[in-house]
Amino acid sequence: MKDKIKIPFNKPFVAGKELFYIAQAVMQNNYIAGDGPFTKRCEAWLESRLGCRKVLLTPSCTAALEISAMLADIQSGDEIIMPSFTFVSTANSFVLRGGVPVFIDIRPDTLNMNEKLIKDAISSRTKAILPVHYAGIPCEMDIIMDIAERNNLLVIEDAAHGMMSAYKKRYLGTIGHFGACSFHETKNIISGEGGALLVNDDKFVERAEIIREKGTNRSKFFRGQVDKYTWVDIGSSYLPGDIIAAFLYAQMENADKIISKRNLIYSLYMENLIPLAEKGYIRLPCVLNDCLTNGHIFHIITRSLKERMDLTLFLRERGIMAVFHYVPLHSSPAGKLYGRTCGKMEVTDMVSDCLLRLPLYYEMTEEDVQTVTDGINDFYKGF
Ligand SMILES: *Cc1c(COP(=O)(O)O)cnc(C)c1O
């Protein structure tokens, strides 16, 4: 790249005592394996802040989704209804168990799975519905939960974007049977790589612990509930080390500060771009009533693929990195091989062509936001 990047798309950050806690894990606790003191603190924090029955820290959101697929007992040919407009892990975690992702289209306003299309996608092989809260904007959970209950299906929330967003006063990830969170460095609360599984139904807690501990009942052993531990079920190694948890705990202590900063940047973007939206050049994010959001992604939707590509280049020449989002899974090579679609994918295809994510990170200044929106406004002056 010949031009210097002035405003990156994302920037990992230290919010408080991250490095101090890592030193403490190593030098004072003398404990850096999984399920150490910092892991326990992170889990307790999530349980109390989100109001969740049981939280298990994992190495990634992908790992949390993989555990969910085992808990849902996905067998070869079982179907999982999900949007195509999402990250690969949403589907891949289930394909690993032999599951078949059934892709449905998204709503043009929230860009989340269109709940009206779920019923038609249900077959005798359907096991679960997998809502993804895109950009931290909640899906229509009441309707999704209702359909699931009537059809005896599990609901697994991909809440990778949704940390501390809420739907009708309930935090994302705590509404379905399971929720999967991500602490990847591109997300709101970070630890480089990292994730958590939220288990919201008592009857799955014990098995979730076993799957996460390589299929052993070691968690029970550590609690003194059995006198030796042994192999009892399928599972894998899904514990992050306590150094990761130490970093993460410092982020959690600053979660309110981080989210409110992101929301501030988000509302500045809104304010500065509303005139362009009113003129019909771009579309801005849209949130359902009675929802709280977390400023995870700020995106605009242009009128065509060409316009998005031109705008991306125009901003890039000013040192501003803005990026698209997703090659829809139904049109990816593996998606075609392992999944199928139900109905048209018109909105998904359009959004994938026209969506542009603007820079948004904790250390971004109001001036940076102004620079980005000046760029966008200047681009549309030519129209
Ligand atoms: C980032 C992301 C994931 C995966 O998270 P990891 O922690 O990187 O495994 C899953 N789903 C969505 C929607 C994501 O954006």
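Keep in mind that this is a model prediction, so the values were computed, not measured. Note: hydrogens, waters and symmetry copies are ignored here, and every other heavy atom, side chains too, is used. Whatever order the structure lists them in is the order used to number ligands and atoms, beginning at 1.
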T62 N/O to ligand 1 N/O under 3.5 Å: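 By distance alone, the answer is yes.
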message: Evaluate S89 for polar contact with ligand 1, using N/O atom pairs at a separation under 3.5 Å.
response: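 Not met; the criterion fails.
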Identity of the nearest option to [atom], non-hydrogen atoms only, from [options]:
| atom | options | result |
| --- | --- | --- |
| atom 15 (O) of ligand 1 | H133, H296, E193, H161 | H161 |
| atom 12 (C) of ligand 1 | A160, A64, A135, A196 | A160 |
| atom 1 (C) of ligand 1 | K187, E66, E185 | K187 |

Report yes or no: do [X] and [Y] form a side-chain donor-acceptor pair below 3.5 Å?
| X | Y | result |
| --- | --- | --- |
| Y167 | E140 | yes |
| T186 | N10 | no |
| N188 | H296 | yes |
| E66 | Y238 | yes |

Suppose I only count heavy atoms of [X] and a 4.0 Å limit; which atoms of ligand 1 are within that range?
| X | result |
| --- | --- |
| T86 | 13 (C) |
| G194 | 7 (O) |
| C61 | 4 (C), 5 (O), 6 (P), 7 (O), 9 (O), 10 (C) |
| S182 | 5 (O), 6 (P), 7 (O) |

field: Test item: Y269 side-chain N/O and P359 main-chain N/O as donor-acceptor pair under 3.5 Å
entry: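 Answer holds: yes.
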- prompt: Do H330 side-chain atoms and S84 backbone N/O form a donor-acceptor pair below 3.5 Å?
  reply: no
- request: Starting from atom 11 (N) of ligand 1, find the nearest protein heavy-atom neighbour and note its residue, name and distance.
  value: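 It is D158 OD2, 2.7 Å.
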query: What residue and atom, counting heavy atoms only, is the protein's closest point to atom 3 (C) of ligand 1, and at what distance?
result: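 Residue, atom and distance for the closest contact: F87 CD2, 3.5 Å.
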query: Which bit of Y326 gets closer than 4.0 Å to ligand 1, counting heavy atoms only: side chain, backbone, both or neither?
result: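 Side chain only.
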field: Y21 six-ring face occupied by R41 cation (under 6.0 Å, within 45°)
entry: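 Checked: cation-pi criterion met.
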message: Can you tell me which residue among L329, V327, T348, D349 is in a side-chain contact (heavy atoms from CB on, under 4.5 Å) with F85?
response: T348
